[in-house]
> 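Quick one: this structure, given as structure tokens, is what I'll be asking you about.
Letters A, B, ... are given to chains in the order of the sequence lines, protein chains preceding strands, and every chain is numbered from 1.
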2 protein chains.
Amino acid sequence: MRADRVRGHLDGLLMAVLEQGPLHGYAIITAVQQRSGGVLDLRTGTIYPALNKLERLGLLTSSWESVGERRRRSYRLTDAGRRSLAEERTAWREFTVAIGSVLNPGAEPRSAI
Amino acid sequence: MRADRVRGHLDGLLMAVLEQGPLHGYAIITAVQQRSGGVLDLRTGTIYPALNKLERLGLLTSSWESVGERRRRSYRLTDAGRRSLAEERTAWREFTVAIGSVLNPGAEPRSAI
DNA sequence: GTGCTATGTATTGGCAGCCAACATATAACT
DNA sequence: AGTTATATGTTGGCTGCCAATACATAGCAC
């Protein structure tokens, strides 16, 4: 699948994988990969600018960690981030119902939970 | 909802409303509006270029009609268009399952049909 | 008979947002 | 020694939707 279709939903994906605890960038990529069954393959040019934006908006905070000689930047969801994530989920439901109703009229209207 | 999120799914929407029979541009807009419960509000700057592209790809054909003094351009789905629509529906299911799995892990994986 | 709204088609410029490509470094395995 | 995995980041470009604009007929209200 064209991973380009993530467009507009990226913020929600990032916040969702950070919900259970902090992760660093690389781990975020693999987490999204695994949860999506290998379908979604985000690139660094996609997530780092997005993470910066979310931090600038106060939805994430970041801190540097050291593992041996290697540095990692750990991203943590803020309270505002959790509220925003809830809104993203609501928007996702509305979105899937709307598109789904047009694409498959007559089918039971249901959201992709 | 930001109708901008339609991005990447527009072709499927247009072909879906043309499935039961030909429609002209303005009627396509209102059909999408009604089917989506008023959520999706496509603009002419969005659909006309998209319809042209689909016709160029052989997924639609168009013909002019006259209603009194007024002219309409009627768009009809081709066989290739029907096959493409089926692919769009499959892609939509995969898409919603993938995003849904990341956004709402642990929930029953289901597509937005 | 005049304005307003609905119906109808179409183009252009802009921009948001994702991606490819590039750059760089440590660590582990073969 | 070379390749792969782990790790972070930037820049330039392109796709695709939207706002704004333009124009024309038709119907209704006042």
Side-chain angles (χ1 to χ4, degrees), chain A residues 1-15 17 22-34 36 39-57 60 62-75 88 91 95 98-99 102, chain B residues 1-15 17 22-34 36 39-57 60 62-75 88 91 95 98-99 102:
Chain A
M1 188 180 70
R2 287 158 45 202
D4 165 70
R5 298 214 184 187
V6 174
R7 187 181 281 265
H9 309 286
L10 180 63
D11 295 354
L13 296 184
L14 297 177
M15 291 191 288
V17 295
L23 290 176
H24 58 280
Y26 194 83
I28 290 174
I29 291 176
T30 57
V32 169
Q33 235 167 18
Q34 285 172 8
S36 68
V39 174
L40 298 179
D41 190 22
L42 305 181
R43 304 312 175 88
T44 64
T46 299
I47 66 153
Y48 287 116
L51 290 169
N52 286 336
K53 186 198 68 180
L54 292 176
E55 184 170 17
R56 209 170 54 243
L57 292 174
L60 303 179
S62 72
S63 59
W64 286 98
E65 286 178 359
S66 281
V67 181
E69 206 60 32
R70 183 177 282 156
R71 66 201 184 112
R72 284 178 180 169
R73 191 159 162 189
S74 187
Y75 296 90
E88 289 282 347
F95 170 76
I99 303 281
V102 178
Chain B
M1 188 181 65
R2 287 158 47 200
D4 165 69
R5 299 215 182 187
V6 174
R7 186 180 283 262
H9 309 286
L10 179 64
D11 295 354
L13 296 183
L14 297 178
M15 293 191 287
V17 295
L23 290 176
H24 59 279
Y26 195 83
I28 290 175
I29 291 177
T30 56
V32 169
Q33 233 168 20
Q34 284 172 9
S36 68
V39 175
L40 299 179
D41 189 22
L42 306 181
R43 305 311 175 90
T44 65
T46 298
I47 67 153
Y48 287 116
L51 290 169
N52 287 335
K53 187 198 69 181
L54 293 175
E55 184 169 17
R56 211 169 54 243
L57 293 173
L60 302 179
S62 72
S63 59
W64 286 100
E65 286 177 359
S66 281
V67 181
E69 206 60 33
R70 183 179 281 158
R71 66 202 184 110
R72 285 178 179 170
R73 191 160 165 189
S74 185
Y75 296 91
E88 289 283 348
F95 170 75
I99 304 281
V102 177

> Which nucleotide in the list dT8(D), dC17(D), dG8(C) gets nearest to the side chain of Arg71(A)?
dT8(D)

> Does Arg71(A) have any side chain to side chain donor-acceptor pair (under 3.5 Å) partners at least two apart in sequence or in another chain, and if so, which?
none

> Partners of Glu65(B) by side chain to side chain donor-acceptor pair (under 3.5 Å), sequence neighbours excluded?
none

> Considering residues at least two apart in sequence or located in another chain, which fulfil the side chain to side chain donor-acceptor pair (under 3.5 Å) criterion with Ser63(B)?
none

> Figure out the CD1/P separation between Ile47(B) and dG8(C), and round it to whole Å.
12 Å

> Can you list the residues that meet the side chain to side chain donor-acceptor pair (under 3.5 Å) rule with Gln34(B), with sequence neighbours excluded?
none

> Of Lys53(B) and Thr30(A), whose nearest nucleotide on DNA chain D comes first from the 5' end?
Thr30(A)

> Whether Arg43(A) contacts dA20(C) is assessed here as follows: a side-chain N or O lying under 4.0 Å from the phosphate OP1 or OP2. Is that the case?
yes

> Applying side-chain contact (heavy atoms from CB on, under 4.5 Å), name anything that partners Pro49(B), two or more places apart in sequence or on another chain.
none

> Among Ile47(B), Val17(B), Thr46(B), which residue satisfies the side chain to side chain contact (heavy atoms under 4.5 Å, CB included) criterion with Ile29(B)?
Ile47(B)

> For Arg73(B) and dA10(C), is the shortest distance between a side-chain N/O and OP1 or OP2 below 4.0 Å?
yes

> Going 5' to 3' along nucleotides 20-29 of chain D, which nucleotides have protein heavy atoms under 4.0 Å from the base (write B), which only from the sugar-phosphate (write S), and which from neither (write -)?
B----BS---

> Which nucleotide in the set dA10(C), dT8(D), dT11(C) lies at the smallest distance from any side-chain heavy atom of Pro49(B)?
dT11(C)

> When only distance counts, do a donor and an acceptor, one from the side chain of Arg7(A) and one from the base of dG17(C), lie under 3.5 Å apart?
yes

